[in-house]
Chemist: 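This is the structure I want to talk about, given as structure tokens.
From a predicted model like this one, the values you see are computed outputs, not experimental measurements.
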Amino acid sequence: MIGQPLNRVDGPLKVSGRATYAYEYWEAGRPLYGVIVGATIGKGRITRIDTEKAERAQGVHMVMTHHNAPVQGVRDESVQFEYWRAQPVLTGPDIHYYGEPVALVVAATFEQARAAADLLEVEYAVVRGRFDFAADDDETYIPKVVNAGLPTDTEVGDFDAGFSAAAVRVDQRYTTPYEFSMPLEPHACLVEPRGEDLNVYVSSQIVDAAQASVAATLRIAPERVHIVTPFVGGGFGSKLGIHAETILAALAARVLGQPVKVALTRQQIFQLVGMRPTSSQRVRLGAGRDGRLAAIAHDVTMHTNPDLEFAEQTAATTRSLYAAPHRLTSHRLTPLDLPRGSDVRAPGEAPGLLAVESAVDELAHALGMDPIELRIRNEPTVDPERDVPYSDRHLVDCLRDGARRFGWERRPTTPASLREGRWLVGYGVAAAIRGHFQGPTAVRVRLETDGTAVVQTDMTDIGTGTYTILTQVAADGLGLPANRVRVELGRSGFPSSWGSGGSWGAANSTVAAHRACAALREKLLVAARGDTRSPLHGRDPADARFTDGSVRIGGASQALSEIVARNHPEGMEAEGEIRFMGDDPNYADFSIHTYGAHFAEVGVDADTAEIRLRRMLGVFSVGRVLNAKTARSQLIGGMIWGAGAALEEEAVVDSRSGAFVNRDLAQYLVPVHADIPDVDAVILDGYDDKANPLGAKGVGELGICGAGAAVANAVFNATGLRVRDFPITIEKVLSGLPPMDV
């Protein structure tokens with residue numbers, strides 16, 4: 001059952017509209033509606049806020065500002081992870097960034113709340129803010145650590161000496177823009193007060209973090225906060241933590257004693273949930289004439305909020321990718337009065353590989369060498385910075401298999417030399433690498449007297465297929481058909497997990513479920529062998545096989561339902577868990593990653609510089625596949641995002657106000673169907689026994705890693721123009737296009 005392309009078990013609910021999302025719950029009765037009012041300046045202080053007209057408006061129940069907001073808990077930096085900390089709002093008159101909440105208007109209907117919000121009068125004392133990343137770099141500093149607790153800087157050997165002595169050198173700077181997670185389901189929350197408790201229906205990726213954060217902010221015990229989030233309409237990192245809509249809904253619900261519902265508008269998402277920081281990345285590569293790297297350096301500067309630091313691990317992607325004796329990586333932060341940076345799909349690898357894999361292509365061109373051959377020549381035998389073996393590394397296999405499938409031998413070796421009518425055609429390749437992470441997760445599996453298995457964990461399904469893979473693992477572990485397994489997710493009363501994020505969710509939850517099933521099998525065997533009425537009484541459990549809803553030992557068998565009914569009429573259950581990776585010696589003894597190779601073909605209109613992706617292929621090594629269909633879907637989704645990052649995606653800041661000027665999906669461009677004609681993902685057979693007992697690793701973010709660089713490299717191959725300021729737009733290509741033959 002594990003690995004089979006089982007259709008999503010939750011699919012019928014979703015296509016029929018019966019899957020209930022956070023904004024759609026009505027168990028609490030008719031709710032009140034809240035609308036958030038955001039600051040219209042980027043830096044300063046509220047000097048006057050007049051709520052009288054809004055409070056008198058039809059249907060309004062309250063207007064909450066910093067004057068009347070309940071006292072909240074403060075952010076406790078001793079809590080190790082950001083998403084578990086308090087997230088107070090409306091705590092004072094100071095404005096730290098454009099769009100920061102200054103009020104919540106609560107009314108009987110959404111329309112009444114929105115109309116009343118327009119009646120609020122707010123005056124500000126404006127001070128000069130720092131909004132321009134390129135201009136406001138005089139306060140750049142060194143963070144203590146970067147995201148995921150990784151070291152800020154690393155150094156191996158003597159980079160300066162190695163780089164200076166190299167026969168061929170590349171020294172270029174690449175810039176990436178602000179980018180946003182844009183889940184289909186906006187960030188939304190319904191909070192229902194139940195005495196001293198709160199039922200919180202919220203769109204969240206990590207239930208445990210949501211519960212802890214709400215409790216810490218409201219200064220109540222976590223067990224009084226009941227999180228419900230069985231279905232999440234996408235997250236991509238933006239729902240790892242809870243945001244202003246959840247805290248404000250909870251505050252208002254407690255004050256009013258009524259259910260309150262708040263959802264962010266699409267425009268507010270651009271200001272209130274964080275984004276991928278803009279970056280300036282200097283990549284230096286020094287190699288011999290044979291292409292072997294002697295020195296590699298990756299130095300990154302990015303924006304951060306001065307009050308809420310976030311240092312994306314952008315240079316960390318380079319630390320385990322290629323062999324070179326002399327190495328250097330660094331991260332620096334420039335404080336700007338903009339929203340806090342945050343985890344966006346494949347934090348670190350997505351922007352980092354966009355730069356590094358472009359630089360590797362530049363080195364291949366300077367050497368006159370095939371870009372695939374250059375990468376293969378620099379394949380390391382051990383992790384070049386940690387000096388430990390890789391657990392399971394098949395990057396070269398991905399490159400070679402992808403080259404064969406893609407028809408790489410047809411690639412034009414001379415840029416701008418292949419034309420089809422008015423189209424310049426180019427091929428590009430890039431490598432992919434993504435760290436594999438593990439977080440504490442528990443799963444309970446219960447076997448009912450009718451032979452049905454129930455799997456419970458607070459793990460979330462953000463559209464990736466968690467319901468399906470847990471069904472498969474439990475069915476495999478207990479020898480049941482898939483339709484005899486029911487998976488229940490996303491409630492804080494279930495065993496705790498690290499939820500969905502970082503590509504850790506699938507492996508964490510399935511390994512815990514696998515262990516729970518093993519423990520349950522042991523209980524079943526003990527019960528059957530000790531039951532004198534059982535045909536399995538006294539038989540050797542070493543020969544036991546669980547299949548077709550029964551356990552068989554030799555020629556005897558007994559239905560699981562019968563064993564449970566006789567010995568545990570209330571049902572039988574067991575729990576399994578997986579530990580934090582810091583407690584797992586394999587993570588110290590091995591370098592554990594996933595890998596891939598991206599191939600792209602583009603056409604560039606020689607007259608207009610219009611760039612069209614013609615086809616794209618990714619070949620990936622992710623250990624054991626849990627579901628072939630959902631894994632491929634995840635990888636293709638990442639590849640499409642990578643293509644968008646290369647060609648379209650860019651949030652633009654108004655340097656006068658700190659507002660994102662293109663804060664909707666009409667102007668913040670992401671790929672649509674017409675942009676993505678032919679994309680395929682192939683997964684190599686694998687099993688990484690160092691990652692976990694199932695041999696499986698995460699796939700959700702690997703697809704975006706390196707994908708944009710393959711597209712960028714194809715644009716260079718088509719035109720001979722190297723664009724290092726992403727995204728690659730018509731304006732950056734048009735003036736340098738080669739003339740068309742008459």
Chemist: Sub-3.5 Å donor-acceptor pair from the side chain of N692 to the main-chain atoms of A696, do we have one?
Modeler: yes
Chemist: Measuring from S492:OG to Q211:CD, what's the distance to the nearest 0.5 Å?
Modeler: 4.5 Å
Chemist: Are any of the side-chain heavy atoms of Y83 and D343 separated by less than 4.5 Å?
Modeler: yes
Chemist: Over all heavy atoms of both residues, which pair between P277 and E312 is shortest? Give the atoms and the distance, please.
Modeler: CD-OE1, 3.2 Å
Chemist: Is the side chain of N627 donor-acceptor paired with the backbone N or O of L6 at a distance under 3.5 Å, no angle test?
Modeler: yes
Chemist: Taking the six-membered ring for Trp, are Y668 and F660 ring centroids under 6.0 Å apart?
Modeler: no
Chemist: Give the minimum heavy-atom separation between V625 and A631, together with the two atoms involved.
Modeler: CG1-CB, 4.0 Å
Chemist: Kindly compute the distance separating CD (Q271) from CG (L264), expressed to the nearest 0.5 Å.
Modeler: 11.0 Å
Chemist: For the pair V445 and V454, evaluate side chain to side chain contact (heavy atoms under 4.5 Å, CB included) and give the outcome as yes or no after the intermediate values.
Modeler: CA-CA 6 Å; V445 178; V454 181; over 6 Å; no
Chemist: Is K523 paired with E573 through a side-chain N to carboxylate O contact shorter than 4.0 Å?
Modeler: no
Chemist: Before you tell me yes or no, could you show the steps for Y587 and I592 under side chain to side chain contact (heavy atoms under 4.5 Å, CB included), namely the whole-Å CA-CA distance, both residues' side-chain angles and the distance that decides it to 0.1 Å?
Modeler: CA-CA 7 Å; Y587 283 84; I592 307 177; 4.0 Å; yes
Chemist: Just verifying a value: how many Å separate L635 CG and T630 OG1, rounded to the nearest 0.5 Å?
Modeler: 9.5 Å
Chemist: Test side chain to side chain contact (heavy atoms under 4.5 Å, CB included) on L251 and L90; report intermediate values, then the result.
Modeler: CA-CA 11 Å; L251 292 172; L90 301 181; 5.9 Å; no
Chemist: Do any N or O atoms from the side chain of R663 and from the backbone of A651 form a donor-acceptor pair under 3.5 angstrom?
Modeler: no
Chemist: Only distances under 3.5 Å count here; give the side-chain donor-acceptor pairs of residues 576-583 to other protein atoms, sequence neighbours excluded, each with its distance to 0.1 Å.
Modeler:
from: R579; atom 1: NH1; to: D583; atom 2: O; distance (Å): 3.4
from: R579; atom 1: NH2; to: D583; atom 2: O; distance (Å): 3.2

Chemist: Name all pairs fulfilling the side-chain hydrogen bond (donor to acceptor under 3.5 Å, both in side chains) condition that reach into residues 503-512, sequence neighbours left out, sorted by first residue then second.
Modeler: S503-E701
Chemist: For a quick test of reading the model, state the closest non-hydrogen atom pair linking P671 to G644 and the distance between them.
Modeler: CG-CA, 3.5 Å
Chemist: When you check the gap from the basic side-chain N to the acidic O, do E111 and R114 get nearer than 4.0 Å?
Modeler: no
Chemist: Considering only heavy atoms from C-beta outward, does the side chain of S497 approach that of V207 to under 4.5 Å?
Modeler: no
Chemist: Would you say the side-chain atoms of D461 pair up with the backbone N or O of Y467, donor to acceptor, closer than 3.5 Å?
Modeler: yes
Chemist: Any side-chain to backbone donor/acceptor pair from Q205 onto T460? Under 3.5 Å, distance only.
Modeler: no
Chemist: I'd like a table of donor-acceptor pairs (distance under 3.5 Å, sequence neighbours excluded) in which one partner is a side-chain atom from residues 223-239, with atom names and distances.
Modeler:
from: R224; atom 1: NE; to: E196; atom 2: O; distance (Å): 3.0
from: R224; atom 1: NH2; to: E196; atom 2: O; distance (Å): 2.9
from: R224; atom 1: NH2; to: E196; atom 2: OE1; distance (Å): 3.1
from: H226; atom 1: NE2; to: D197; atom 2: OD2; distance (Å): 2.9
from: T229; atom 1: OG1; to: V202; atom 2: O; distance (Å): 2.9
from: S238; atom 1: OG; to: H187; atom 2: NE2; distance (Å): 3.0
from: S238; atom 1: OG; to: G235; atom 2: O; distance (Å): 2.8
from: K239; atom 1: NZ; to: E185; atom 2: O; distance (Å): 2.8
from: K239; atom 1: NZ; to: E185; atom 2: OE1; distance (Å): 3.1
from: K239; atom 1: NZ; to: S203; atom 2: OG; distance (Å): 2.8
from: K239; atom 1: NZ; to: G234; atom 2: O; distance (Å): 2.9

Chemist: Quick one: does M64's side chain get under 4.5 Å of V106's, heavy atoms only?
Modeler: no
Chemist: Nearest 0.5 angstrom please: L104 CG to I247 CD1, how far?
Modeler: 12.0 Å
Chemist: Please round to the nearest 0.5 Å and tell me the distance separating atom OG1 of T246 and atom CG of L198.
Modeler: 12.0 Å
Chemist: Could you go through the side-chain hydrogen bond (donor to acceptor under 3.5 Å, both in side chains) check for T452 and D450 one step at a time?
Modeler: CA-CA 6 Å; T452 299; D450 63 356; 3.1 Å; yes
Chemist: What heavy-atom pair brings T594 and G698 nearest, and what distance separates the two atoms?
Modeler: CG2-O, 3.4 Å
Chemist: Over all heavy atoms of both residues, which pair between A117 and V37 is shortest? Give the atoms and the distance, please.
Modeler: CB-CG2, 3.7 Å
Chemist: Report yes or no: does R340 contribute a side-chain atom to a donor-acceptor pair with the main-chain N or O of F310 at less than 3.5 Å?
Modeler: no
Chemist: Evaluate the ring planes of W498 and W84, with Trp represented by its six-membered ring, and classify them as parallel (under 30°), tilted (30 to 60°) or perpendicular (over 60°).
Modeler: tilted
Chemist: Testing V622, L702, T464 one by one against Q634 for a side-chain contact (heavy atoms from CB on, under 4.5 Å), which residue passes?
Modeler: T464
Chemist: Within a strict 4.5 Å, meaning less than it, do heavy atoms of the V255 and P70 side chains meet?
Modeler: yes
Chemist: Find out whether F110 and K261 are in side-chain contact, i.e. whether some heavy atom of one side chain is under 4.5 Å from a heavy atom of the other.
Modeler: no
Chemist: To check you understand the geometry: which heavy-atom pair defines the closest contact between G73 and R219, and what is its length?
Modeler: N-CG, 3.5 Å
Chemist: Could you check whether any side-chain N or O of R345 sits under 3.5 Å from a backbone N or O of G700, counting only pairs where one atom can act as donor and the other as acceptor?
Modeler: yes
Chemist: Let's go through Q456 and R444 carefully: what are the C-alpha distance in whole Å and the side-chain angles of both, what is the deciding distance for side-chain hydrogen bond (donor to acceptor under 3.5 Å, both in side chains) to 0.1 Å, and is it a yes or a no?
Modeler: CA-CA 5 Å; Q456 294 179 327; R444 178 168 57 237; 3.0 Å; yes
Chemist: Using side-chain heavy atoms (C-beta onward) and a distance below 4.5 Å, is W641 in contact with V344?
Modeler: yes
Chemist: Could you go through T468 and K629, starting from their C-alpha distance and side-chain angles, then the distance that decides it, and tell me whether this counts as side chain to side chain contact (heavy atoms under 4.5 Å, CB included)?
Modeler: CA-CA 11 Å; T468 308; K629 182 177 292 186; over 6 Å; no
Chemist: Could you give the distance from CD (E488) to CG (D458), rounded to the nearest 0.5 Å?
Modeler: 13.0 Å
Chemist: Do Y201 and Y25 have ring centres separated by under 6.0 Å?
Modeler: yes
Chemist: Taking atom CZ of R266 as the centre, report whether more than 12 heavy atoms of other residues, nucleotides or ligands fall under 6.0 Å from it.
Modeler: yes
Chemist: Indicate yes or no for a side-chain donor-acceptor contact from S500 to the backbone of G505 under 3.5 Å, with no hydrogens or angles considered.
Modeler: no
Chemist: Indicate yes or no: at least one non-hydrogen side-chain atom of D680 is less than 4.5 angstrom from one of R632.
Modeler: yes
Chemist: Does R75 have more than 12 heavy atoms from other residues, nucleotides or ligands lying within 6.0 Å of its CZ?
Modeler: yes
Chemist: Is there a side-chain contact between L480 and L560, using heavy atoms and a 4.5 Å cut-off?
Modeler: yes
Chemist: Donor-acceptor check, side chain of T449 to backbone of S561, threshold 3.5 angstrom: yes or no?
Modeler: no
Chemist: Donor-acceptor pair, distance only, cut-off 3.5 Å: does the side chain of R8 make one with the backbone of G463?
Modeler: yes
